Every structure is written in C-alpha cells, then in structure tokens.
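A quick note: this is a predicted structure, and the numbers were derived from the prediction, not measured. Each ligand, and each atom within it, is numbered from 1 in the order the structure gives.
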Amino acid sequence: MDTENTVYGSFIANEMKQEGRESVLQSPTDGTQIAKVYFATPEMARAAIDSAYESQEKWSSTPLRRRRELLGRLADIVQERSEEYAMLETMNTGKTIRQSTFMDVPLAVEHIRYFSSEREFKSRRRIRHPEFPGTVGEIQYAPMGVVGAIVPWNVPLLMTVWKIAPALLAGNTLVVKPSSYTPLTALELAKDSVRAGFPSGVLNVIPGEGRELGSTLTSSNRVNMISFTGSTDTGKEIMRNSASSIKKVTLELGGKSPNIVFDDCDMDHAVSGVLFGIFLNSGQLCESGSRLLIQSSIREKFVSRLKERLSAMKPGNPADFETEISAITNREQKNRIERMVAGGVRSGAIVEYAKNMEGSPSGGLYYPPTLLSSVTPDMEVGREEIFGPVLSIMEFTTEEEAIQIANSSRYGLAAGIWSMDRARCMRVASRLQAGTVWINEYHLLSAAAPRGGFKDSGIGRELGLEGILEYTQTRHLFINKGETDLDEAAYGLIFSGDK
Ligand code: NAD
C-alpha cells in the first residue's frame with residue numbers, strides 16, 4: 001500500500017472527512033513520511049458522537065445473528081488484506097514485520113471471528129423468582145449505548161478490535177479515538193466496516209490528541225461508557241472526567257509484571273520465555289514481563305544464558321523479515337526510556353548488558369535491549385513501568401520471598417512462573433495479585449479468556465464472555481403470569497381494607 005500519498009481523516013457516518021488539523025506521520029522505522037492525517041477538532045468529535053447516538057437504537061434492535069454475520073465479513077476482509085495491514089502497522093508503530101504478520105494481524109482476524117462465532121453470549125435469559133412462584137423474570141443484556149473507545153499506540157489494530165468487536169456484538173455504537181501516533185490501522189478498519197456492510201454511524205473513528213478529544217468524549221452526555229486502554233495516569237484522569245456524567249468506565253492500564261524463575265525450571269525454555277516476555281514489541285506491551293525475579297542459586301547461569309541468546313538477536317529495519325528487534329514507536333517514549341534507565345543507574349542499578357544495535361536504520365527510533373541488574377523493588381526501575389526493552393533483574397531465595405516481591409508492585413496485570421513443580425506453580429499462581437498468570441509460558445492469549453488488571457492495572461476485563469458483558473447493562477423484566485392472588489398479597493401492604 002502506498003501510504004505516503006494517502007490522506008486520512010476522521011471517519012464519521014461512514015465517510016472519511018479530510019478536514020481538521022493536518023498532521024504528517026513519520027515512520028519510527030526510518031523517519032520517512034508515511035501518511036497525512038487530518039486530526040479531528042472537538043466539533044468533529046461531537047459530530048461523531050451524534051452519528052453514533054443517532055444510529056444506536058436501530059443497531060441495538062438489529063438481530064444478534066445479523067451483527068455476528070457482519071463481524072464475520074469484517075474478519076474476512078481484514079484477512080484478505082492482511083499483508084497490507086501488517087505493513088501499515090509496522091510502518092506506523094515500528095514493530096517488526098514478523099510480529100505484525102504472524103501476531104498482530106492474524107490475532108486481529110481471529111479475535112473478530114471469535115466474537116462473530118462464539119455462542120456463550122445470549123442477549124437474554126429466563127429466571128425464576130423463588131419468593132414469587134407465580135412470576136417469571138427475564139434478564140436482558142441491553143447495550144450500554146454509545147461507547148467512547150480510547151486506544152493506545154503500542155498495539156493499535158488489535159486493541160481497536162478488542163473494543164469494537166464485543167461492543168458491536170452487544171449492540172453498542174462507537175466513537176474510537178486511536179492514539180495520535182498510530183491511527184492508521186483503526187482508520188482502515190473503519191473503512192473496511194463499510195465494505196462489510198455495517199450501517200452508517202455505527203463505527204466512527206476520530207484521530208487526534210488525547211486530552212482535547214478525550215475530554216469531549218468523557219464530558220458528553222450522549223456517551224454512556226468509556227472503554228480505555230492506556231497508561232495508569234491517563235486512566236485516573238478519565239475516571240475523574242467521567243464522574244460528572246456517571247459513565248461506566250473500563251480501564252486497561254499499565255503493568256510491571258514479574259517473571260518468576262525457580263531453580264527447578266526447564267532452563268532453555270525459561271530463558272526463551274523471559275526474553276520473549278520482555279523483548280517482544282521492544283517491551284512496549286502492557287503485560288511485558290519487565291521484572292525478572294530469579295532464584296539466587298541459578299542467577300549467574302541464567303543471566304549469562306540470557307546474554308548469549310540476546311547477543312544473537314538481529315537488529316535491522318523492522319520492515320525486513322529477518323529483523324527481530326522492534327523500533328520504539330515515538331520519540332517521547334524513547335526519551336522516557338533513556339531518562340528512566342539513567343535514573344536507575346544513578347540509584348545503583350547496573351547495566352549488565354546492552355545490545356549492539358548496529359544495522360538499524362539511522363533515521364529511526366531504537367533503544368538497545370538492556371539487562372539491568374542489582375535492581376531493588378524500591379527503585380523507580382524496579383517499580384514503575386519503563387515500557388521499553390529493559391529487563392529489571394531482582395533476586396530471591398525462597399518461594400515466599402518471590403511472592404512478596406512480585407506483589408509489592410502497585411500494578412497487577414500479569415505474571416509468569418517458571419518451574420517444573422506443578423504443585424508449586426499452582427500454589428504461587430493462586431497468591432499472585434495479577435489478572436493473568438502464565439505457567440511455563442508468557443504472552444500467549446486467547447479470545448475466549450478474559451484479561452485485565454488487579455490494583456492500579458485497571459478495572460474490567462477484555463475478551464471472553466466477561467469482555468462482552470462489560471458492554472452491557474441488565475434490564476430485568478418482572479412478569480406476572482396472571483396470578484392475581486400475588487398482586488393482592490403485595491398491594492395489601494398499603495391497602496388493608498376491601499377494594
Ligand atoms: P496514554 O495513556 O498516553 O494514551 C492512551 C490513549 O489515551 C491515547 O489514545 C491518548 O491520545 C489518549 N489520551 C491521552 N490523554 C487523554 C485524556 N486526558 N483523556 C482521554 N484520552 C486521553 O498511553 P499510551 O502511551 O498511548 O500507551 C501506553 C500505555 O498503555 C502503557 O502504560 C501500557 O501499559 C498501557 N497499555 C495497557 C494495556 C492493557 O491491556 N492493560 C494494553 C496496551 C497498553
């Protein structure tokens with residue numbers, strides 16, 4: 001796809017509007033211009049909200065079967081265009097083409113397909129009321145209405161899919177605000193939704209600055225729910241801003257996830273898993289295993305194996321299939337990584353290893369995969385999210401100590417455990433404050449399994465049945481089956497005499 005000359009804008013009521021503030025996007029892979037995007041103004045954001053609002057009633061009364069069918073068609077179209085999507089995602093984010101081709105895009109397709117074909121979600125169910133045998137209840141899972149979906153820059157296509165597919169399935173209409181750095185694949189998805197047959201206004205996308213457009217979404221009385229993925233600080237602000245209009249808010253936030261390695265692990269597998277856990281997407285994943293908790297008895301051997309494997313990883317242009325290391329998606333993030341690592345070193349951490357990045361394009365944004373040792377849980381690099389290719393290494397001696405260090409973080413998104421002792425894995429996993437715990441694995445995910453955070457990592461879940469139910473509110477129909485005795489018993493509370 002020739003994106004350099006492609007012009008994007010807000011996608012409102014099934015039309016791409018080339019108006020607003022013009023912005024030129026450069027690729028973090030090599031600094032070249034990749035597209036022009038017109039960012040939405042607050043007035044355009046309001047028009048997008050109106051379009052979602054006006055189409056909501058009709059969409060929610062569209063049969064569930066039909067909503068599933070349209071999602072299925074969208075999955076087919078994204079699959080047909082998967083090479084274009086992968087290249088666009090790589091050029092916009094700097095992630096390797098290997099990753100976008102074999103992970104981000106296929107998962108996006110599979111996950112849209114999951115929501116089009118899963119059968120656990122029903123829009124209603126019958127209940128009995130044990131107190132009133134002459135009645136029956138119907139619980140309806142009504143859509144929330146208009147959903148404002150706010151998406152980060154690290155995995156833009158998949159994160160957009162995780163919001164739009166369950167929300168549309170449940171009968172909501174959406175205004176999606178992608179990150180100003182990486183709006184391209186969300187806009188392509190919106191264009192493809194028209195080809196799939198989604199009605200006008202059901203899916204709107206407004207690229208642009210977070211604070212300005214975000215506050216238009218959070219303050220609008222026409223938006224009933226905000227589904228946010230991003231940093232914990234922004235999540236707090238969104239929660240505050242949503243309070244005045246009593247919106248439902250779901251938050252998928254940051255993490256500082258521990259990868260706990262015991263001395264009875266399968267060492268080869270654990271070394272690969274720990275590297276995969278932190279260096280996939282150059283550590284720019286919310287659930288990256290950014291703290292290695294290693295049992296002291298194997299520390300030397302394990303770290304030297306990490307260095308060995310790391311030294312063989314290939315830097316280069318992420319658009320080449322041989323390249324194994326992703327770029328950093330934007331300059332602000334690169335500066336933040338540099339600042340945090342320098343601060344860590346000042347507070348006593350040691351740069352145990354930093355990868356030579358020779359071969360990466362000079363105009364791009366790169367940070368060498370780095371191992372930081374002598375980190376303690378109180379250092380900033382031991383407790384705060386760096387969101388880059390930096391592994392903070394800490395040691396423990398006992399199982400109890402590992403659990404204490406793991407849970408000492410304010411975050412609770414994910415964790416990994418590496419041990420051949422199944423009973424120990426289950427025992428430790430059940431005490432970890434984390435929404436996902438991988439046992440002898442890392443990063444694998446399933447559309448059927450809900451994911452989300454404990455503590456400062458968020459509220460609510462995405463994916464699975466739980467993820468669909470987040471986009472619903474229950475309506476209870478209390479139905480009298482025609483038994484007037486019941487009425488009399490109830491009304492007798494205020495009418496003591498004869499009628
Ligand atoms: P961010 O919080 O800076 O931005 C996220 C989105 O919010 C962007 O679209 C941004 O424009 C918008 N935004 C910014 N200020 C806003 C405001 N005041 N009101 C409304 N919207 C606003 O996050 P980021 O830097 O884009 O992404 C990285 C962060 O996202 C990391 O902390 C990472 O851990 C987190 N993340 C979490 C998950 C998860 O599932 N838990 C997944 C991916 C990323």
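Within the 3.5 Å criterion, the main-chain N or O of T329 finds a donor-acceptor partner in the side chain of Q284.
Ring-centre distance between F198 and W59: below the 6.0 Å cut-off.
Under 4.0 Å from any atom of ligand 1, one finds heavy atoms of residues I150, V151, P152, W153, N154, M159, K177, P178, S179, G210, R211, G214, F228, T229, G230, S231, T234, E237, I238, E252, L253, G254, C286, E385, F387, L413, R451.
Taking 4.0 Å as the cut-off between side-chain N and carboxylate O, E110 and R113 do not count as a salt-bridged pair. E332 has no carboxylate O lying under 4.0 Å from a charged side-chain N of R336, or vice versa, which leaves the two without a salt bridge.
For E287 and Y442, the side-chain atoms include no donor-acceptor pair closer than 3.5 Å.
For the side-chain hydrogen bond (donor to acceptor under 3.5 Å, both in side chains) test with Y411, the passing option among E385, E384, K455 is E384; the others fail.
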